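Taking it in order: structure first as structure tokens, then the write-up.
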Amino acid sequence: MVGTALIALAAASVGVIGTLLAPVLSQRLTARSQAEQFERQQRTDHAQRVHQQQLADEDRRRDCYVAANAAYRRYRIELMNYLWLVEKGEVASSGTSMLRPMPWVEARVKPNRG
């Protein structure tokens, strides 16, 4: 009789302990899964921010290249016009004052005077 009473007491104890621990265990499992989900979301957000930053950097770099190429084309056209005037002999000393001071231009491009 004592043996069956102990078995019944053990079974009841396991049932009560299981009933009491079930919410705690499920809460811990839920908290862990939510933490993992939060970390995944943060990694995804970070990856998206990095990607958006890379796209913005590429756009800025592209804009700089476009501006530099346009300035180069304008400069080349003006230089070709000036060299054409030099070739025709239509450049006077006052014509060179319109150019921005560039030492390498003054050293290499000298108008014909004769």
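For reference, positions follow the sequence shown, starting with 1. Quick note: numbers below take in every heavy atom, side chains included, and nothing from hydrogens, waters or symmetry partners. Just so we're clear, the structure is a prediction, and the values are computed from it rather than from any experiment.
- Residues Tyr75 and Trp84 do not share a hydrophobic cluster, clusters being chains of Ile/Leu/Val/Met/Phe/Trp/Tyr side chains in contact below 4.5 Å.
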Would you give me the side-chain donor-acceptor pairs under 3.5 Å for residues 22-42, sequence neighbours excluded?
residue, atom, partner, partner atom, Å
Ser26, OG, Ala22, O, 3.2
Ser26, OG, Pro23, O, 3.0
Thr30, OG1, Ser26, O, 2.8
Ser33, OG, Thr30, O, 3.2
Gln41, NE2, Asp45, OD1, 3.1

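- Residue Thr19 comes nearest to Gly15 through the heavy atom pair OG1-O, 2.7 Å, listed as atom of the first residue, atom of the second, then distance.
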Enumerate donor-acceptor pairs with a distance under 3.5 Å from any side-chain N or O in residues 59-67 to protein atoms, sequence neighbours excluded.
residue, atom, partner, partner atom, Å
Asp59, OD1, Arg62, NH1, 2.8
Arg60, NH2, Asp57, OD1, 2.3

